[in-house]
Amino acid sequence: MKFASSYEPGEYESDIYAAWEYAGIFNPTTPTKPIDDDGDGVDDREEGNKKRNTYSIVMPPPNANGNLHIGHGLTVALEDSLTRYYRLRGDSAWYVPGADHAGFETWVVYEKFLEKQGHTRFEYDRNELYAKVWDFVAEQRGNMELQLRALGASCAWDDLTFTLDENVIDRVYTTFEKMWNDGLIYRGEKLVNYCPKHRTAFADIEVTHKDEPGTLWDIEYKLADDPEKALIVSTTRPETLFGDTAVAINPEDKRYKDLVGKKVKLPLTDRTIPIIADEHADPEYGTGVVKITPAHDFDDFEVGERHDLERIQVISESGKMINVPEKYYDLTTKECRKQVLKDLKEQGLLKDEHKITHSVAHCYKCDTVLEPMLKEQWFVDVEKLAKEAMKHIEADEIKFFPENKKKVLLNYYNNLRDWNISRQIPWGIAIPMFKKADEDATDEPDWIFDRRTNLKEIEKGGVRYVRDEDTFDTWFSSSHWPIICTNWTEENYNPYYPLNVMETGADLLFSWVSRMIMMGVYITGEVPFREVYMHGMVLDSKGQKMSKSKGNVINPMELVTKYGSDAFRLGIMRGRSAGMNQAFSENSVIAGRNLCNKLWNISRLIQTFVDDEDSELKNGISRGLPEVTTEDEGVSPVTTGANDPSREDAILGSFSYSTDNMGEDWICREINECLDQVEYDIKNYRFSEAVDTLYQTIWDKYADWFLESQKIFKNVGLLKTTLSTLLIALHPFAPFVTETIWQSLSWTEGFIATAKWPARLEYDPISAEEFENIRIIVSEVRGTLTALPGTNNAKKYKLLYDNDSLVEDNQFLIKTLTRVPAIDPLEGSPRGLRLALANHELYLDVPEKVVKEYKDTLTERILSVGRELDALNLRMENPNYVNRAPAHLVKETQDQIKEKEALISRLKTELELI
RNA sequence: GGACCCAUAGCUCAGUUGGCUAGAGCGUACGAUUCACAUUCGUAAGGUCGCAGGUUCAAGCCCUGCUGGGUCCACCA
């Protein structure tokens, strides 16, 4: 492959991905399913393959029916970077992709689709609907998978799991059966949050509470045996009074103490209901008297349980009034409220009304006000599960990123209520429970477990049973995700379980992560993952939450098309830390694209060096001095090792090298430090810092210093080695451009995606440190030239040195980096402008007139260094510091003082010269 | 009411176990540029680290209180 002059990601990305996929390199190298070739009945993986570490991570399954949003983009960037890193480290890396049937979400979409076609769900039975949605989703599924590929996700496609696959259903049924047998599942008539529009119940966690204005009405309930006396109750929902089965007052409330045990007449009806004492009534709120409607209010339900009250359901599942006097029957709750208020007013029972703000439960999908509804549902008794999970968490078997999520999760487990797992929608896994249909078979249980959910009706022991029509809450099956994706079974050893990490959005801590832990511990006895990394939300550029209604949604695919997949990945990771919601910045993506282009050009340059070297070798031309020397007559370019004959041997092997000058030693040191940092950062999930380190090493150090210096030296063996090292180190984060380059270079083999993570480079540390002096000199020259009056100073003034072997030996390098026209030894007395460098006698050959104009800058500089010196001296004057601070710090301070003092004296001399 | 998080340059954020003259990217200003890259190179300006105390030889970092912003949970008849 030939290098184009700029990197155009669109031209390479899909081919590169196809090549990876075709080569099968995303598949783990250790088998993921049991093998027993030697027939000894023991899983061979357990015996022989422990040499290779496994690294397992599963994808939080994106909705099979949708497109990826920017959150998925971040998810893939993070997870794939981890996967690729550990693959390079030599682990058997397994990134398991998934697709979610997204029960309720998809159902809502499908129901709208049905409505558009003029149909409703009630025209079909459950099995028909299931089949229809299946087809509907199947059509869409490819989209999301293509988008994952475009993002570079190196997942094992053969193992893609759809949340309605047979093995998922099997696993869920097995668990459910175990729970049923363990007594953790019960059927209960409880109040559930019910959406009258979608006609399904929700778990507590799916409910959105919003503060809204409302009205609190005071209604008079007359005493049954003394119509002269009455209690005033306060309510926001007068229409539910038909369901009242008591009125409650606080036991401490002296105003009403005598009335407890008496009865009141329920307005608009003939019923009388008792007055009870219960803590629930708050004497401070309203009149301190509260009506109790156990069938339509969560608190009242509990009061009802305590006092054994009857539950009268007065609102139906379609949101209409039932079990009410004829006049109100079949009205909607809204109409009924109006009528009730009107009638109460006419009878003089409506005493007052107050405007208030209260929080109201809404459907998180359609925003309809949820109705607390009395329903028979399946519940999971979570207490034991939560307790077990907490034990493992408290034993620190899971490491949380960010750390504080551990506390938040434990707090959640402590306040957990039982989990309603029944949903009244067809798109999901059928609950494998059947209800007895023969009334007279009194000895048989009312409900039995059976896996044959494809049948509406079954027979067992001569008794007929009818299937429960409901499906599981999607989180019930999702909580098995790590178990299912790793093919964990009760029978087999599994090197991939627990997962190394669970990476997902911070908003899923309760709904998903908490349940995966409970389920993992319950089923396997082990936590399902060793670490949890939770990313925050990607906000829009102004820090606002993205939403369709606000119109500020950013489509990741558009960015991939515009800037490339790598640029998107690098950009979205930058500036992000665990658990924090952070604004999206297109500029960061642009910075990412620029890095890719930079790397491309770096590689292009190095390839030309390699090509030149190859053709020279081929033509039998021995390595000579750099051509730039011709301009500089009279100066002999003696550089360390440029002519070292031993190097000829070194560069013949494509990855062997030697370091021959300070810049080379220095870049080796910098690259090693970069590798240390990247390894540390990935281990600690500091993605942004890892990328930042690479960015700076590649750009500021490798390109701007090392490569510039290599324009003179051209140590080809080292260039090959260092470039390969940096490419591999960046590969986890920018897989496409690094692979494209890898495939274009003449000396690389195979895929970079399966290369070996680089070893540390060998170098001479003293020489590396020496190069820092060159950097300081060069920076000082550049800074001073810029600060001098006039333009184009770099071209005007020569650099003079006096008795300075460092400068003398490296004059070509310094000349190239500073662009001064010449570097000469100082002859005669000092002239020009002396540079403010300790230990170096360097002058810029500047006319006296210009030096004078520079005087102010110099004075300011002396003052500033003086201030720094004062601070240091102050520190040393403090006996406590000298005595108590670590010795090396004290020494460091002393050294700094010496340095500053020397610098000041030099600057002063310089000033005096002027 | 309970829990958690945040506050550092104009903007977005780093700052690892307390030890630099508090950093980066973007933006801004000035300058350069036939020789890999204008998706480039160099230089610079810009900060009382939200406020007030405390611990320490030493605090952006630890402790206490306050102010401002955000998130979640519970409750709201």
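Lettering of chains follows the sequences in order, A, B, ..., and the numbering in each one begins at 1. The structure presented is a predicted model; accordingly, all values stated were derived computationally and were not measured.
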Participant: Once the angle between the rings of F401(A) and Y533(A) is folded into 0 to 90°, is it parallel (under 30°), tilted (30 to 60°) or perpendicular (over 60°)?
Facilitator: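 Rings of F401(A) and Y533(A): tilted, 30 to 60°.
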Participant: Within the pair R593(A) and rG25(B), is there a side-chain N or O less than 4.0 Å away from OP1 or OP2?
Facilitator: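 No, R593(A) has no side-chain N/O under 4.0 Å of OP1/OP2 on rG25(B).
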Participant: If you only use heavy atoms from C-beta on, which nucleotide in rU21(B), rC35(B), rA24(B) is closest to the side chain of R819(A)?
Facilitator: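 Looking only at side-chain atoms, R819(A) lies closest to rC35(B).
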Participant: What nucleotide, of rU39(B), rG19(B), rC41(B), holds the atom closest to the side chain of K598(A)?
Facilitator: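 Side chain of K598(A) sits closest to rC41(B).
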Participant: Ignoring the backbone of N594(A), work out which of rC37(B), rC4(B), rU40(B) is nearest its side chain.
Facilitator: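 Nearest to the side-chain atoms of N594(A), counting from C-beta on, is rU40(B).
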Participant: So for K683(A) and rU16(B), does any side-chain atom that can act as donor or acceptor lie under 3.5 Å from a complementary atom in the base?
Facilitator: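 When only heavy-atom distances are counted, K683(A) does not reach the base of rU16(B) through any donor-acceptor pair under 3.5 Å.
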Participant: Can you identify which nucleotide, out of rU16(B), rA24(B), rC5(B), has its nearest atom closest to the Y680(A) side chain?
Facilitator: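 Looking only at heavy atoms from C-beta outward on Y680(A), the closest nucleotide is rU16(B).
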Participant: With respect to the side chain of D704(A), which nucleotide from rC37(B), rU43(B), rG42(B) is positioned closest?
Facilitator: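 Looking only at heavy atoms from C-beta outward on D704(A), the closest nucleotide is rG42(B).
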Participant: Does rG15(B) have OP1 or OP2 sitting under 4.0 Å from an N or O in the side chain of R686(A)?
Facilitator: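 So the side chain of R686(A) is within the cut-off, an N or O lying under 4.0 Å from OP1 or OP2 of rG15(B).
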Participant: Among rU39(B), rC37(B), rG42(B), which nucleotide sits nearest the side chain of E8(A)?
Facilitator: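 From the listed options, rU39(B) comes nearest.
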Participant: Hey, is the side chain of Q582(A) poking within less than 4.0 Å of OP1 or OP2 on rA14(B), counting only N and O atoms?
Facilitator: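 For rA14(B), OP1/OP2 do have a side-chain N/O of Q582(A) under 4.0 Å.
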Participant: Ignoring the backbone of E689(A), work out which of rC5(B), rG15(B), rG42(B) is nearest its side chain.
Facilitator: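 Between rC5(B), rG15(B), rG42(B), the one nearest the side chain of E689(A) would be rG15(B).
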Participant: With a 3.5 angstrom cut-off on both distances, give the Watson-Crick or G-U wobble partner of rU55(B), or none if there isn't one.
Facilitator: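 With both distances under 3.5 Å required, rU55(B) matches none.
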Participant: Tell me, do D300(A) and H296(A) make a side-chain contact under 4.5 Å, heavy atoms counted?
Facilitator: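 Heavy-atom side-chain distance check fails, nothing below 4.5 Å.
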Participant: Given the structure, check if the side chain of Q710(A) and the base of rA36(B) hold any donor-acceptor pair shorter than 3.5 Å.
Facilitator: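 Answer is no: no donor-acceptor pair is held.
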Participant: Starting the side chain at C-beta, find the nucleotide from rU39(B), rC4(B), rA36(B) nearest to A703(A).
Facilitator: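 Among rU39(B), rC4(B), rA36(B), the one nearest the side chain of A703(A) is rA36(B).
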Participant: Hey, does the side-chain of Y7(A) have a donor or acceptor N/O within less than 3.5 Å of a partner on the base of rU39(B)?
Facilitator: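 No, no donor-acceptor pair under 3.5 Å.
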Participant: Please determine if a side-chain N or O atom of S5(A) lies less than 4.0 Å away from the OP1 or OP2 oxygen of rC37(B).
Facilitator: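 Checking rC37(B) against S5(A), no side-chain N or O comes under 4.0 Å of OP1 or OP2.
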Participant: Using side-chain contact (heavy atoms from CB on, under 4.5 Å) as the criterion, point out the one residue from D700(A), L730(A), L570(A), L595(A) that pairs with Y695(A).
Facilitator: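 Result for side-chain contact (heavy atoms from CB on, under 4.5 Å) with Y695(A): L595(A).
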